[in-house]
Structure formats: C-alpha cells, structure tokens
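Numbering of residues begins at 1 and proceeds along the displayed sequence.
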Amino acid sequence: MPAFEYAPAPESRDLANLKPSYRPFIDGEFVDGGGEPLKTVNPATEEVLAEVSTASAADIDTAVKAARKAFEKTWGPMPGSERAKYLFRIARLIQERSRELAVLETLDNGKPIKESRDSDLPLVAAHFFYHAGWADKLDYAGYGPDPKPLGVAGQIIPWNFPLLMLAWKIAPALATGNTVVLKPAETTPLTALVFGEICQQAGLPPGVVNILPGAGDVGARLVGHPGIDKIAFTGSTEVGKQIQRQVAGTPKRLTLELGGKAANVVFDDAPLDQAVEGIVNGIFFNQGHVCCAGSRLLAQESVAEELLDKLRHRITTLRLGDPLDKNTDVGAINSAEQLTKIRELADSGEAEGAQRWTSPCPVPDRGFFFAPTVFSGVHQSMRIAREEIFGPVLSVLTFRTPDEAVAKANNTPYGLSAGIWSEKGSRILWTANRLRAGVVWANTFNRFDPAAPFGGYQESGFGREGGRTGLEGYLDV
C-alpha cells in the first residue's frame, strides 16, 4: 500500500527567536569572543542562520579562571540542597522554552522537528530533573560518606544531539558540585548558547557554566589547559584517541563516549513487524547520526528474505524532506562534509560487491540530504560493515546459529550498543551476556532514561553517563 499523502505541516521558524549573531557565555555574561567568527548553516537549505563569535586562547583562560573561582567560592561549598534548586529551575525553564529550543535545534542541526520536540527536549529536561534529585543525596550514592567534586570540568560535545549532549554533560557535573567550561560543536552552537540565557534566567552564579563556541582548536586548548580537572568528550573515536594521548601523564580525569557500529540481531522467532519498526528507528532516527545506531542488521537466514521485504516496504513510507515539517521522518544531513563521507562509504559498498537498495523517496534539490539506503549481501570484511558511516545506511548480514550471531556482532573494534529480537527470554539473556556492548536493548532500540547509565567498551570509549553510575565520573572517590 502506498504511503498516505499528507499536506505540509510546517512548524513556524519564528518560534526559534533566531538572532543575527551569538556570543560566548563567560562568567555569567555574553561577551565578544576573540576568535575568528564562524557562520552556522541550516543544512536543509544551506542558508546562513547566524554569525557566531568564537573563543580565543585568552577567552579560554578567562572562562577557566571564572569556573575555578565559582567552584572554590560559590558552587563547590554550596549545600547540595541549594544546588538542586538551581537544577530544578533550569529543568523547568527548559520545559517552558521547549518549543523555541526544538525549532532552533532543527534549524541548526537538520533533524526532524518531531524528534527535536518529542524526543530530545523532554529528555533534556528529564536529565536536569533527575540529577537535581541527586544533588543532596550524594552521601548515599555508594561512593562513601562524603564524596567530593573534582573541580572544573572541560566538556566537548558533538553535533548530532547538541542540547541533549549538553544536558548529559552539564547536569551531573553541576549536581556533584563541579563547574563547567563547555565547547559545543562548530556546526551546531546555537542551542548551547541559548542555554546560557537559561542559566541567567535561573540565576545561576557567574562562572558555574561557561560556553565557548569554536572549531577543533578551541577544544584542543581546553583539553590541554592546566586549570581543567576533568575532560568529558563525546565524538569520534579518532579525536577521542587524540584527547587520551593529550591527557596521558596528567592528573586530569577522562571519560570518552565515542563511535559505534551496533549490531541489531534478529532471530527466527522474533516478531518481525515489531523488529522492522525497531530496525528503522535504530538506523534512520536522526538520519543515522547516532553513535549507538543499529547500523548492522544480523538476520537469521531462515527469516532474512521475509524480513528484508518487510523492511524495504516500511522504508518506502518514510518521508524525507523539510525538517520543520511535522510529517518528516528523515531530515537533512548535518553538513556537506558529513554528506560527502556518507556518499564515499556507500559507494565503497557497491564497489566491494554488496547489493544496494535506496528508497525511491524524492530528494530535495537544495540542502544536504541522503535517501535511506540498505545494503544486502554484506561481508564482514567490507568497509560498510566495519566503519562507522554515521548516516542513514544499513548493512545486512546473515547468520545460522546463535553462536555465529554473537561472533559476527562482536567482530568490531567498537562496543557501544546492540539490539536483540526474539520471543524467548532465555535466548535474549544468553545473547546479551555474550555481546561486548555497553548497552543491549531487548525487542526495542534507542530507548534512553536519565537513570540508566550509558557508555561503551573498546574503541567506543570508557566511563558512563547517566544514572547513579554516571555520577562517579564527576566525584573524587
């Protein structure tokens, strides 16, 4: 059956309150940055959204000093019950401004508005609510009777979930008594800088949160700054390795959440229609710009053909286009650079002999778009089976036995996430216990909760974010 035809239902971009220019947030104020200004672009239209003033080396020094002063004089000594009040206030302000933030996130990032509005923003607020509850209970978190904050945390976040990654980083840092210097991604700085306004609205003491937009050089200087006590980084494995080398031999604490090549394992007794929905959500949510995306589908041979038929049919119903349209399922690729990488890896799949199937959906003439694509006949030696594509591209492999499924799923340098589809609880538990992945979902995918720790193994990084376990990365225990 063909997809229903829907009339366009665009969200108003006026809700974003977009400004012509944005500035770094340092010591409680927005200031002119000394770095080279950058222009942030709407990936769906290639139009310039705003000019962003970036941080210089002097600005980084100023921000770190402000964070140190706030830690020693204000935030660190503050009782947890008082810190919690600020976090609760921030959470409520995020809820009040959620529609504005969702539209701004979609404009700057390219993700569909329904994902920004219905997935990202509720979870952003939930992280601040959850960690606010921990602020006065740290003595009971299992880390001793009087756990201490580390000091000043340098945090670097990626472009795929700009505001959500900010919440994952800032909320636990503040709850545990640390202060923060955060660098948002070069291509998506806007919602992070609006978060500076929310900090002002909440009356957060100056210097507790500092936000420094800029390119990779700003992040590198932040990592190397002697006034930083802890680095938290989410991004590519390549950059994560550089950071690990840079902090080696220093007293800085480090947590890394890096790339992934997750396996979604579908057994022959799985509810296939339910599995199809999980597969689609696992790889095409946020255009595949997800570290834990289920980019490898491992299907048991006896159901592989039926599963692929159902999957292709479901993908043809996905709507690709204007991210601000509430009917859009697949939005824009975040940048021209990322689109080039996706195309290059997809072409390599064809060149190495995999069978390519691409959704027949129309692709806009303007903007950075890539139609959902599925490769079958994939072998483990192919680049599309081994390298993180970070786009809407699914590689399909098959297996005959559970042991073979586990061997293929673990045949990767990554270890961030995995999915298992089966009606047998015993089979799910048997498989989950053998998969080398930080998060394993059963008969679902991409489910997140602030109370659940998230993180990986091997080249997917180390340390956990979220839950009681995630507090440890910001405590001296």
Under 4.0 Å between a side-chain nitrogen and a carboxylate oxygen: does that hold for [X] and [Y]?
{"X": "Lys111", "Y": "Glu115", "value": "no"}
{"X": "Lys19", "Y": "Glu197", "value": "yes"}
{"X": "Arg464", "Y": "Glu257", "value": "no"}
{"X": "Arg99", "Y": "Glu11", "value": "yes"}
{"X": "Arg83", "Y": "Asp136", "value": "no"}
{"X": "Glu100", "Y": "Arg97", "value": "yes"}
{"X": "Asp476", "Y": "Arg253", "value": "yes"}
{"X": "Asp146", "Y": "Lys148", "value": "yes"}

Side chain to side chain contact (heavy atoms under 4.5 Å, CB included) assessment of Leu138 paired with Leu471: CA-CA 9 Å; Leu138 297 176; Leu471 299 172; 4.1 Å; yes
Within residues 202-211 or reaching into it, pairs that qualify as side-chain hydrogen bond (donor to acceptor under 3.5 Å, both in side chains) - sequence neighbours excluded: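 Listed by first then second residue: nothing to list.
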Determine yes or no for a side-chain-to-main-chain donor-acceptor pair under 3.5 angstrom, with [X] supplying the side chain and [Y] the backbone.
{"X": "Ser53", "Y": "Arg23", "result": "no"}
{"X": "Glu186", "Y": "Gly216", "result": "no"}
{"X": "His225", "Y": "Arg221", "result": "no"}
{"X": "Arg296", "Y": "Ala409", "result": "yes"}
{"X": "Lys69", "Y": "Val64", "result": "no"}
{"X": "Asn42", "Y": "Leu49", "result": "no"}
{"X": "Ser21", "Y": "Glu51", "result": "no"}
{"X": "Gln244", "Y": "Leu254", "result": "no"}
{"X": "Gln287", "Y": "Pro392", "result": "no"}
{"X": "Ser236", "Y": "Val239", "result": "yes"}

More than 12 heavy atoms from other groups under 6.0 Å of NZ on Lys39: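 No, because the 6.0 Å sphere around NZ of Lys39 holds 12 heavy atoms or fewer from other groups.
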Lys65 atom NZ, over 12 foreign heavy atoms within 6.0 Å: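 At most 12 heavy atoms, drawn from other residues, nucleotides or ligands, come within 6.0 Å of this atom.
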Mind checking the [atom1]-[atom2] spacing from [X] to [Y]? Nearest 0.5 Å is all I need.
{"X": "Leu222", "Y": "Asp217", "atom1": "CG", "atom2": "CG", "result": "11.5 Å"}
{"X": "Asn281", "Y": "Thr444", "atom1": "CG", "atom2": "OG1", "result": "7.0 Å"}
{"X": "Arg92", "Y": "Arg89", "atom1": "CZ", "atom2": "CZ", "result": "7.5 Å"}
{"X": "Phe462", "Y": "Leu256", "atom1": "CZ", "atom2": "CG", "result": "4.0 Å"}
{"X": "Glu96", "Y": "Leu101", "atom1": "CD", "atom2": "CG", "result": "11.0 Å"}
{"X": "Asp347", "Y": "Glu352", "atom1": "CG", "atom2": "CD", "result": "11.5 Å"}

Working for ring pair (Phe, Tyr, Trp, His ring centres under 6.0 Å), residues Tyr140 and Trp134: CA-CA 9 Å; Tyr140 310 101; Trp134 269 117; 9.2 Å; no
Side chains of [Y] and [X]: any donor to acceptor distance under 3.5 Å?
{"X": "Ser116", "Y": "Thr106", "answer": "yes"}
{"X": "Thr188", "Y": "Asn109", "answer": "no"}
{"X": "Asp59", "Y": "Ser56", "answer": "yes"}
{"X": "Thr340", "Y": "Arg343", "answer": "no"}
{"X": "Asp108", "Y": "Thr40", "answer": "yes"}
{"X": "Thr237", "Y": "Glu459", "answer": "no"}
{"X": "Thr45", "Y": "Glu47", "answer": "yes"}

If we only count heavy atoms from C-beta on, is the [X] to [Y] side-chain gap below 4.5 Å?
{"X": "Phe375", "Y": "Val396", "answer": "no"}
{"X": "Val194", "Y": "Leu104", "answer": "yes"}
{"X": "Leu320", "Y": "Thr328", "answer": "no"}
{"X": "Asn410", "Y": "Leu435", "answer": "yes"}
{"X": "Gln95", "Y": "Leu121", "answer": "no"}
{"X": "Arg366", "Y": "Glu46", "answer": "yes"}
{"X": "Val290", "Y": "Phe161", "answer": "yes"}
{"X": "Gln338", "Y": "Phe368", "answer": "no"}

For residues 169-184, run the donor-acceptor check on the side chains, cut-off 3.5 Å, and write out each pair with its distance to 0.1 Å, sequence neighbours left out.
residue: Lys169; atom: NZ; partner: Thr234; partner atom: OG1; Å: 2.5
residue: Lys169; atom: NZ; partner: Glu465; partner atom: OE1; Å: 3.3
residue: Lys169; atom: NZ; partner: Glu465; partner atom: OE2; Å: 2.8
residue: Thr176; atom: OG1; partner: Pro172; partner atom: O; Å: 2.7
residue: Thr176; atom: OG1; partner: Ala173; partner atom: O; Å: 3.1
residue: Thr176; atom: OG1; partner: Asn178; partner atom: ND2; Å: 2.8
residue: Asn178; atom: OD1; partner: Leu150; partner atom: N; Å: 2.8
residue: Asn178; atom: OD1; partner: Gly151; partner atom: N; Å: 2.8
residue: Asn178; atom: ND2; partner: Ala173; partner atom: O; Å: 3.3
residue: Asn178; atom: ND2; partner: Tyr474; partner atom: O; Å: 2.9
residue: Thr179; atom: OG1; partner: Ala67; partner atom: O; Å: 2.8
residue: Lys183; atom: NZ; partner: Gly214; partner atom: O; Å: 3.0

Check: Trp75 ring centre within less than 6.0 Å of Phe71 ring centre: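 Ring centres of Phe71 and Trp75 not closer than 6.0 Å.
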Ring-ring centroid check Phe454 Phe448, cutoff 6.0 Å: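 Ring centres of Phe448 and Phe454 closer than 6.0 Å.
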Trace of the salt bridge (Lys or Arg N to Asp or Glu O under 4.0 Å) decision for Asp329 with Lys114: CA-CA 8 Å; Asp329 299 301; Lys114 67 180 182 181; 2.5 Å; yes
Partners passing salt bridge (charged side-chain N to carboxylate O under 4.0 Å, His left out) against Asp449 (at least two apart in sequence or in another chain):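 By the salt bridge (charged side-chain N to carboxylate O under 4.0 Å, His left out) rule, Asp449 matches no residue at all.
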Step-by-step salt bridge (Lys or Arg N to Asp or Glu O under 4.0 Å) determination, Lys85 to Glu82: CA-CA 5 Å; Lys85 293 177 183 178; Glu82 292 300 309; 3.0 Å; yes
Nearest heavy atoms of Val477 and Pro147, plus distance in Å: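 Closest approach of Val477 to Pro147: CG1-CB, 4.1 Å.
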Six-ring centre of Tyr143, Arg468 cation under 6.0 angstrom, axis tolerance 45°: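 Yes, Arg468 and Tyr143 form such a contact.
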Reference residue Phe195; test ring-ring contact (aromatic ring centres under 6.0 Å, His included); the match among Phe25, Phe128, Tyr22: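 Of all the options given, the one that passes is Phe128.
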